[in-house]
K.L.:
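Structure below; questions to follow.
Naming: A, B, ... by sequence-line order, numbering from 1 per chain.
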2 protein chains.
Amino acid sequence: MSSRIIIFDDNQERLNSVAMLLNLSDDFTCSGTFHNANNLVADITNSKPELVLMDIDMPGVDGIEATKLVRKHFDALPVIIQTNFEEDERIFGSLRAGANGYLLKKTSPERFLESLREALDGGAPMTGSIAVKVLQHFSTQTQTKNNYNLTEREKHILSFLVKGYSYKLIAAECGITYNTVNNHIRNIYDKLYVNSATEAVSLAIKQRLV
Amino acid sequence: MSSRIIIFDDNQERLNSVAMLLNLSDDFTCSGTFHNANNLVADITNSKPELVLMDIDMPGVDGIEATKLVRKHFDALPVIIQTNFEEDERIFGSLRAGANGYLLKKTSPERFLESLREALDGGAPMTGSIAVKVLQHFSTQTQTKNNYNLTEREKHILSFLVKGYSYKLIAAECGITYNTVNNHIRNIYDKLYVNSATEAVSLAIKQRLV
DNA sequence: AATGATATAGCAAATATTTGTCATACAAAT
DNA sequence: ATTTGTATGACAAATATTTGCTATATCATT
């Protein structure tokens with residue numbers, strides 16, 4: 001019993017070679033090849049795949065949009081993105097779109113087939129260099145994480161600001177007066193080098209101060 | 001020429017077995033084992049490893065704090081986190097701390113050694129289930145991403161709010177009057193179901209509306 | 001003992017935001 | 001032709017935020 005795979009790729013040569021690779025394998029069958037994702041929902045409905053291989057560069061509906069559509073209409077259907085390039089924008093765009101894996105086209109046939117098995121098994125296959133970028137995405141956020149020397153009280157009040165609480169409400173929540181809240185907020189602004197609540201909230205969220 | 005690896009783990013048995021596994025391999029040497037990370041900087045300085053294996057549960061300085069220390073003092077030294085559990089908090093904590101990989105202890109010896117090679121090679125080895133969590137971290141953000149039917153103008157003005165601009169400044173930037181800005185902002189608030197700039201900014205950033 | 005950081009509190013004023021209400025104009029859709 | 005959505009603009013009043021001062025008390029450090 002082999003798993004049904006379909007491929008979206010605007011490159012005919014690539015489409016043929018991947019389909020052939022799949023059909024030569026024991027455990028996969030290529031049950032559809034498409035040059036674009038303009039009729040994606042109908043194409044998937046008709047071909048009933050167990051996994052979708054998606055090229056990222058396609059005319060019309062691109063691979064990222066197409067992945068979003070798959071997520072929307074076929075919730076559990078795994079999508080593996082394939083591309084020649086490793087641009088951050090596209091990688092993170094694809095991941096946000098809900099892709100289950102991200103492979104460079106230069107991946108070896110063995111590793112490629114192994115990745116499909118992994119994805120069908122509920123895994124998230126990624127080319128090594130992609131995994132590195134993903135991890136860096138996390139750590140770079142901490143790199144810039146200065147604490148600005150906010151006191152506990154200030155952090156607490158900042159967190160209320162982020163929730164959209166008014167001075168009055170913060171005062172009530174903290175059991176201090178409106179005036180004291182006002183003072184703490186000034187001090188927060190001084191330390192963060194901002195001069196409005198919106199700036200403080202923006203910075204707090206982006207730099208993970210809360 | 002085998003690569004020098006050191007291990008931090010409070011479990012003596014585990015420490016021994018991993019060290020033995022490394023020493024039995026052709027390409028690795030265990031050049032240090034430590035029960036805790038309390039003297040991490042000195043330990044690393046003395047043992048000069050090419051890669052660090054870090055247990056996450058340790059008394060005193062835990063694996064996440066220890067990883068931050070490595071990042072701070074030995075910028076390029078790869079750290080692989082090892083743990084028995086897959087709790088989101090710890091996974092993302094480790095990744096934010098700057099870990100280069102994240103392996104479950106139940107990983108097979110073959111896969112384990114292969115992962116070390118990958119890490120030394122600049123890669124980011126992850127157990128499959130961890131990779132899934134990492135990808136889900138991205139996509140869940142998009143799941144809740146409703147667009148709230150904001151118009152282009154509204155999105156544009158919302159982005160200025162996020163930058164902390166005042167009504168006046170937004171009016172000047174957009175070439176419209178203060179009153180019109182006011183109107184757009186009311187409409188934004190209506191659509192986002194909020195009633196203050198801070199709430200709008202908070203929601204906009206968290207749900208990636210800008 | 002003096003200093004500095006923190007948390008608290010108050011008053012006043014200048015600004016800014018928020019809400020209510022109304023109105024015009026254009027384009028797209030019914 | 002009429003409705004709907006969008007962008008624009010205005011006026012006024014009620015609130016809220018921001019800034020400039022001052023002040024006290026506690027705690028830890030020098």
K.L.:
Could you check whether A:Phe138 and B:His137 have their ring centres less than 6.0 Å apart?
P.N.:
yes
K.L.:
Rounded to whole angstroms, how far apart are CD1 on B:Ile157 and C1' on D:dT8?
P.N.:
11 Å
K.L.:
For B:Asp190 and D:dG5, give me the distance from atom CG to atom C1', rounded to whole Å.
P.N.:
14 Å
K.L.:
Atom CG of A:Asn187 to atom P of C:dG4: distance rounded to whole Å?
P.N.:
17 Å
K.L.:
If I take atom CD in residue A:Glu152 and atom P in nucleotide D:dC27, what distance separates them, rounded to the nearest angstrom?
P.N.:
18 Å
K.L.:
Is B:Met126 close to B:Leu103 at the side-chain level, that is, under 4.5 Å between some pair of heavy atoms?
P.N.:
no
K.L.:
Measure the distance from CG on A:Asn149 to C1' on C:dG4 and round it to the nearest whole Å.
P.N.:
14 Å
K.L.:
Which letter, B, S or -, goes with each nucleotide of nucleotides 18-30 of chain C from 5' to 3', with contact meaning a protein heavy atom under 4.0 Å?
P.N.:
BBBB---------
K.L.:
Can you tell me the distance, in whole Å, between the CD1 atom of B:Ile176 and the P atom of D:dT6?
P.N.:
16 Å
K.L.:
How about B:His156 and B:Thr151: do any of their side-chain heavy atoms sit closer than 4.5 Å?
P.N.:
no
K.L.:
Looking at A:Thr180, does any N or O in its side chain come under 4.0 Å of the phosphate oxygens OP1/OP2 on C:dA9?
P.N.:
yes
K.L.:
Please report, rounded to the nearest Å, how far the C1' atom of D:dT17 is from the CZ atom of A:Phe160.
P.N.:
18 Å
K.L.:
D:dA7 C1' sits how many Å from B:His156 NE2, rounded?
P.N.:
14 Å
K.L.:
With sequence neighbours left out, write down each residue that passes side-chain hydrogen bond (donor to acceptor under 3.5 Å, both in side chains) with B:Asp88, or none if nothing qualifies.
P.N.:
B:Lys133
K.L.:
Given side chains that start at C-beta, do those of B:Leu53 and B:Phe112 come closer than 4.5 Å, heavy atoms only?
P.N.:
yes
K.L.:
If you compare every side-chain N and O of A:Ser166 against the phosphate oxygens of D:dT15 (OP1, OP2), does one of them come in below 4.0 Å?
P.N.:
no
K.L.:
Between B:Ser2 and B:Thr29, do the side chains contain an N or O donor and an N or O acceptor separated by less than 3.5 Å?
P.N.:
yes
K.L.:
Where each residue is assigned the nucleotide of DNA chain D containing its nearest heavy atom, which of A:Lys168 and B:Cys174 is assigned the position nearer the 5′ end?
P.N.:
B:Cys174
K.L.:
Whether B:Asn179 contacts D:dA10 is assessed here as follows: a side-chain N or O lying under 4.0 Å from the phosphate OP1 or OP2. Is that the case?
P.N.:
yes
K.L.:
With no hydrogens and no angle check, is any side-chain donor or acceptor of A:Gln82 less than 3.5 Å from a backbone partner on A:Met54?
P.N.:
no
K.L.:
Would you indicate what A:Lys191 reaches in the nucleic acid, counting non-hydrogen atoms under 4.0 angstrom: base, sugar-phosphate, or nothing?
P.N.:
sugar-phosphate
